[in-house]
Peer 1: 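One structure is given below, represented as structure tokens, and several questions about it will come after.
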Amino acid sequence: MQLFPNLFSPIQIGKTMVKNRIFMPPLSTNLAEKGYVTDALIEHYSNRAKGGVGLIITEVTTVEPVYTYLPGDMSIYDDSYIPGWKKLVDAVHQYDTKILSQLFHPAYMAFPIPGTPQLIAPSNVGPYYAKSAPRPVTVEELHTIIKQFGDAAYRFKQAGGDGVEIQAAHAHGLLGGFLTPLYNKRTDEYGGDINGRLRLTLEVIREIRKRCGDDFVMDVRISGDEYSDGGLTLNDMIYVSKQLEAAGVDFIHVSGGNTIKRGSSMPAPGTSPAPHAHAAEEIRRHLKIPVSTVARINEPWIAEELIANGKTDICMIGRPNLCDSAFANKAFAGKTEDIRPCIGCGRCLTGIMFGKPISCTVNPSVQSDAVEPAADKKKVLVIGGGPAGMEAAYIAKMRGHEVVLCEKTQELGGLLRLAAVPIGKQELCKVIQFMTRRLQNAGVEIRKNCEVTPDMIAAEFAGYEVLCTSGAKAKEIEAFRCFRQTMTADDILSGKGFPGRKVVILGGGSVGCETADYLAPLIDDRFPANRDVTVIEMTDALMAGEGGAAKSVLTQRLMRKGVKIELKSMVSKVDETTITYIKNGTAYVIDDADTLVFAVGYTPAPVNFEGAHVLGDCNKVGNLKDAIAEAYAFAKNL
């Protein structure tokens with residue numbers, strides 16, 4: 001019996017039939033070279049087509065040569081790009097998957113490559129992170145750009161593509177910027193009221209239809225609501241969607257938020273699934289053409305419910321298809337437990353702005369899951385059942401090695417078990433489940449409550465390749481342990497330590513902030529039983545080195561809960577009853593705290609096995625992505 005009948009029913013898009021309702025939205029990869037399609041791009045998209053996706057919308061594709069969105073983005077601004085696109089289209093079509101290209105002009109969001117002229121915008125209003133003011137684009141330039149959109153679409157049709165998406169969401173790029181009142185302050189025919197702001201997008205649509213005909217799929221990506229004062233509202237976008245339908249668009253891709261309000265367009269991990277579905281549902285009520293929704297649709301049952309309950313016709317599933325290229329096929333087969341779980345961390349895009357290719361925390365082999373058999377089969381002992389150990393053991397087994405994994409505790413997962421405890425981190429539990437089940441299905445011998453000793457290696461495991469992944473230990477500051485009650489953040493998250501009501505956390509990195517969030521009351525209502533939490537951080541920023549929606553949402557939550565945050569503050573003295581810290585040259589004394597919590601980092605666990613290969617945190621302390629990637633890379637070549 002098909003578990004997801006609505007999700008896997010075909011849908012008519014314009015004059016094109018798509019085999020199911022799992023569409024892959026645009027995700028920047030940085031895999032193009034000077035705008036040209038590469039073998040890596042073909043492998044990336046064809047793997048998702050092979051994995052069962054009904055329709056793929058490629059990442060940003062620029063329509064003119066002057067402005068670059070990302071160092072490795074795609075382009076189609078002249079005919080020299082057509083052969084590469086044809087190879088990509090043909091590779092996707094062999095799996096009965098349709099493909100659209102997302103046409104885009106970055107405008108005021110262009111990458112500042114040396115030699116780039118002043119950036120253009122609807123008005124002289126740029127995004128908050130701009131390095132310099134853009135200039136208003138002229139009407140004559142707009143007429144040229146409209147033709148460039150039409151030319152680009154026609155080239156994609158010549159390459160065999162099924163259609164194009166017009167990006168007008170998120171106050172993003174030229175069309176999104178023209179549509180939003182946050183950026184469009186014009187008083188000519190392309191500004192003013194909503195009709196003026198929409199005019200550019202409608203003229204682009206007309207040009208593409210004129211060049212490519214009615215059998216060429218066209219959708220427009222919009223924000224159903226920008227969730228921002230002064231921005232587009234749901235009522236605005238119902239009206240806009242009606243105009244887009246009247247202009248001949250085949251479906252509406254309803255996203256939400258904008259690039260100004262962090263976490264609105266790319267929601268943080270741990271937040272509600274399908275945050276824009278309410279807008280899609282309301283817009284859908286007023287249209288005859290299909291509507292899609294997007295964002296945090298990480299599991300097939302969520303997508304099925306959204307369609308079955310009339311929230312949407314189509315589910316755009318992006319990062320989960322990045323995390324597991326066979327997401328759709330596994331869902332169709334009912335093998336949902338075998339889907340590698342996307343945790344929504346956003347690290348897939350962490351390095352994109354710095355020219356690095358797309359990556360994934362949970363899937364270190366984003367491009368291909370293929371693992372080559374080892375020429376020389378070995379016996380392998382993996383010490384430690386954290387994420388690095390589980391990844392190394394699985395890949396080694398897949399390559400044909402005989403693998404034994406020993407974990408000294410009664411459960412696998414290592415520090416990942418603690419990382420899953422704070423608010424919004426529950427999806428890490430699914431990673432442990434997935435990695436454990438994968439080991440069991442592969443036939444890896446797992447020994448729990450088994451602490452490996454040098455004597456065991458010399459005897460039972462003589463001749464084995466030994467991989468040590470024993471993790472890291474939380475640091476403590478010995479001189480401060482004289483306080484009346486001290487513990488590490490890990491002690492709290494593991495349940496080994498139970499803090500009092502007045503807590504001082506030393507360290508404002510991710511662990512310190514997540515622990516503060518975990519301990520603080522859900523609301524700052526001055527209830528007597530609430531904990532009073534203070535975070536003391538030496539630097540001038542919380543969670544230094546982190547960015548994006550997760551950091552933004554967590555910081556806002558700490559502030560809303562009344563957590564006291566002391567930045568640029570150094571603890572200078574601790575005795576049994578007081579904690580003294582220096583801030584801006586002034587000493588402050590906390591004399592009513594009952595618990596001092598250390599969140600001051602980790603140190604690699606000692607390795608006592610001569611000749612062992614050391615991987616993960618016991619080699620170099622890092623994040624989950626680092627641990628899994630290092631273990632994968634090593635085992636792939638073992």
Side-chain angles (χ1 to χ4, degrees), residues 1-26 45-58 85-103 153-154 156-166 205 208-209 211-221 241 244-254 280-281 283-284 287-294 297 300 303-318 320-321 325-334:
M1 182 183 75
Q2 173 52 249
L3 291 179
F4 310 110
N6 291 284
L7 188 57
F8 287 99
S9 62
I11 185 168
Q12 186 83 27
I13 303 294
K15 297 183 178 180
T16 299
M17 183 66 72
V18 182
K19 64 183 178 182
N20 63 46
R21 288 146 190 257
I22 298 177
F23 289 15
M24 186 170 176
Y45 285 116
S46 63
N47 278 340
R48 275 74 203 167
K50 182 180 179 181
V53 170
L55 182 147
I56 290 171
I57 304 173
T58 72
W85 277 103
K86 186 174 190 317
K87 289 180 182 179
L88 174 56
V89 168
D90 291 347
V92 167
H93 278 170
Q94 67 178 315
Y95 299 106
D96 191 27
T97 296
K98 308 304 180 185
I99 182 168
L100 311 185
S101 174
Q102 189 196 64
L103 300 186
Y154 183 67
F156 189 62
K157 183 174 184 177
Q158 286 179 295
D162 299 292
V164 293
E165 174 172 275
I166 306 304
I205 291 167
I208 292 173
R209 272 281 173 254
R211 298 294 307 278
C212 298
D214 293 337
D215 59 347
F216 192 66
V217 173
M218 192 176 353
D219 84 278
V220 178
R221 191 180 203 191
S241 297
L244 295 175
E245 180 179 47
V249 168
D250 295 306
F251 77 96
I252 306 292
H253 178 175
V254 180
E281 179 183 25
I283 288 170
R284 182 175 180 266
L287 304 180
K288 295 183 176 65
I289 58 175
V291 167
S292 72
T293 191
V294 68
I297 306 172
E304 176 70 15
E305 285 292 300
L306 289 168
I307 297 170
N309 298 338
K311 304 285 187 184
T312 188
D313 300 295
I314 299 157
C315 285
M316 294 280 175
I317 302 178
N321 271 306
S325 62
F327 178 97
N329 284 344
K330 290 177 181 178
F332 182 80

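Residue numbers start at 1 and run along the sequence shown.
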Peer 1: Which atom pair, heavy atoms only, marks the closest approach of Ile297 to Ile317?
Peer 2: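 Where Ile297 meets Ile317 most closely, the heavy atoms are O-CG2, 3.6 Å.
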Peer 1: Work out which heavy atom in Met24 is nearest to a heavy atom in Val53; give both atom names and the distance.
Peer 2: N-CG1, 3.8 Å
Peer 1: Please determine whether side chain to side chain contact (heavy atoms under 4.5 Å, CB included) holds for the pair Ile13 and Phe23, giving the CA-CA distance in whole Å, both sets of side-chain angles, and the decisive distance to 0.1 Å.
Peer 2: CA-CA 12 Å; Ile13 303 294; Phe23 289 15; 4.3 Å; yes
Peer 1: So, the side chain of Glu281 versus the backbone of Thr312: is there a donor-acceptor pair under 3.5 Å, distance only?
Peer 2: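 Checked: no pair found.
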Peer 1: Looking at CG of Asp96 and CG of Leu55, how far apart are the two atoms once the value is rounded to the nearest 0.5 Å?
Peer 2: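 If I round to the nearest 0.5 Å, the distance is 11.0 Å.
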Peer 1: Does atom NZ of Lys50 have more than 12 heavy-atom neighbours, drawn from other residues, nucleotides or ligands, at distances under 6.0 Å?
Peer 2: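 No - once you tally the heavy atoms of other residues, nucleotides and ligands closer than 6.0 Å, there are 12 at most.
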Peer 1: Could you check whether any side-chain heavy atom of Ile307 comes within less than 4.5 Å of a side-chain heavy atom of Cys315, counting everything from C-beta outward?
Peer 2: yes
Peer 1: Is there a side-chain contact between Lys98 and Ile56 (heavy atoms, below 4.5 Å)?
Peer 2: no
Peer 1: Is it the case that more than 12 heavy atoms not belonging to Tyr154 sit under 6.0 Å from its OH atom?
Peer 2: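 Not more than 12 within 6.0 Å, no.
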Peer 1: Decide yes or no on side chain to side chain contact (heavy atoms under 4.5 Å, CB included) for Lys86 and Asp90, but give the supporting numbers first.
Peer 2: CA-CA 6 Å; Lys86 186 174 190 317; Asp90 291 347; 2.8 Å; yes
Peer 1: Counting only heavy atoms not in Lys87, do more than 12 fall under 6.0 Å of its NZ?
Peer 2: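 No, because the 6.0 Å sphere around NZ of Lys87 holds 12 heavy atoms or fewer from other groups.
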Peer 1: So which heavy atom on His253 is nearest to which on Pro25, and how close?
Peer 2: CE1-CB, 4.0 Å
Peer 1: May I ask you to check whether over 12 heavy atoms, not counting those of Tyr95, lie within 6.0 Å of atom OH?
Peer 2: yes
Peer 1: Tell me the closest heavy-atom pair linking Leu88 and Tyr45, and the distance in Å.
Peer 2: CD1-CB, 3.8 Å
Peer 1: Kindly indicate whether the side chain of Glu165, heavy atoms from C-beta on, has any atom under 4.5 Å from the side chain of Ser101.
Peer 2: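 Answer no - side chains too far apart.
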Peer 1: Tell me, do Phe332 and Pro300 make a side-chain contact under 4.5 Å, heavy atoms counted?
Peer 2: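 No. Closest side-chain heavy atoms not under 4.5 Å.
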Peer 1: Kindly compute the distance separating CD1 (Ile252) from CG (Leu287), expressed to the nearest 0.5 Å.
Peer 2: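 It comes to 6.0 Å.
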Peer 1: Checking Phe156 against Trp85 for the side chain to side chain contact (heavy atoms under 4.5 Å, CB included) test, could you report, in this order, the C-alpha distance in whole Å, the side-chain angles of both residues, the deciding distance, and whether it holds?
Peer 2: CA-CA 7 Å; Phe156 189 62; Trp85 277 103; 3.4 Å; yes
Peer 1: For the atom pair CD1 (Ile11) and CE (Met17), what is the distance rounded to the nearest 0.5 Å?
Peer 2: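 Reported value, rounded in 0.5 Å steps: 9.0 Å.
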Peer 1: Backbone N or O of Gly310 within a donor-acceptor pair of the Arg284 side chain at under 3.5 Å?
Peer 2: yes
Peer 1: Would you say Gln12's side chain and Gly14's backbone share a donor-acceptor pair under 3.5 angstrom?
Peer 2: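 Yes; at least one donor-acceptor contact below 3.5 Å.
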Peer 1: If every non-hydrogen atom of Ala331 is compared with every non-hydrogen atom of Gln2, which pair is closest and at what distance?
Peer 2: O-OE1, 4.2 Å
Peer 1: Side-chain contact, heavy-atom cut-off 4.5 Å: Thr58 with Leu100?
Peer 2: no
Peer 1: Answer yes or no: is there a side-chain heavy-atom contact under 4.5 Å between Thr293 and Met316?
Peer 2: no
Peer 1: Would you confirm whether Glu245, through its side chain, and Lys288, through its main-chain N or O, come within 3.5 Å as a donor-acceptor pair?
Peer 2: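 Yes.
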Peer 1: Is the shortest side-chain N to carboxylate O distance from Asp250 to Arg209 below 4.0 Å?
Peer 2: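 Looking at Asp250 and Arg209, the cut-off is met.
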Peer 1: State, with a plain yes or no, whether a side-chain heavy atom of Leu7 is found less than 4.5 Å away from one of Ile22.
Peer 2: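 Yes - at least one pair of side-chain heavy atoms lies under 4.5 Å apart.
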Peer 1: Looking only at atom types and distance, does a side-chain atom of Arg21 sit under 3.5 Å from a main-chain N or O of Ser9, one as donor and one as acceptor?
Peer 2: yes
Peer 1: Any Lys/Arg nitrogen of Asp215 or Lys157 sitting under 4.0 Å from an Asp/Glu carboxylate oxygen of the other?
Peer 2: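 Answer for the salt bridge query: yes.
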Peer 1: Please report the closest heavy-atom contact between Met218 and Ile208, naming both atoms and the distance.
Peer 2: CE-CG2, 3.8 Å
Peer 1: Let's go through Val254 and Val294 carefully: what are the C-alpha distance in whole Å and the side-chain angles of both, what is the deciding distance for side chain to side chain contact (heavy atoms under 4.5 Å, CB included) to 0.1 Å, and is it a yes or a no?
Peer 2: CA-CA 7 Å; Val254 180; Val294 68; over 6 Å; no
Peer 1: Taking it one step at a time, do Asp162 and Lys15 satisfy salt bridge (Lys or Arg N to Asp or Glu O under 4.0 Å)?
Peer 2: CA-CA 10 Å; Asp162 299 292; Lys15 297 183 178 180; over 6 Å; no
Peer 1: So, does Asn309 use its side chain to make a donor-acceptor pair with the main chain of Lys311 at under 3.5 Å?
Peer 2: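 Not a single qualifying donor-acceptor pair exists.
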Peer 1: Would you say the side-chain atoms of Asp313 pair up with the backbone N or O of Val291, donor to acceptor, closer than 3.5 Å?
Peer 2: yes
Peer 1: If you measure from CZ on Arg48 to CG on Asn321, what distance do you get to the nearest 0.5 Å?
Peer 2: 7.5 Å
Peer 1: Does Gln102 use its side chain to pair, donor to acceptor, with the backbone of Val164 at less than 3.5 Å?
Peer 2: no
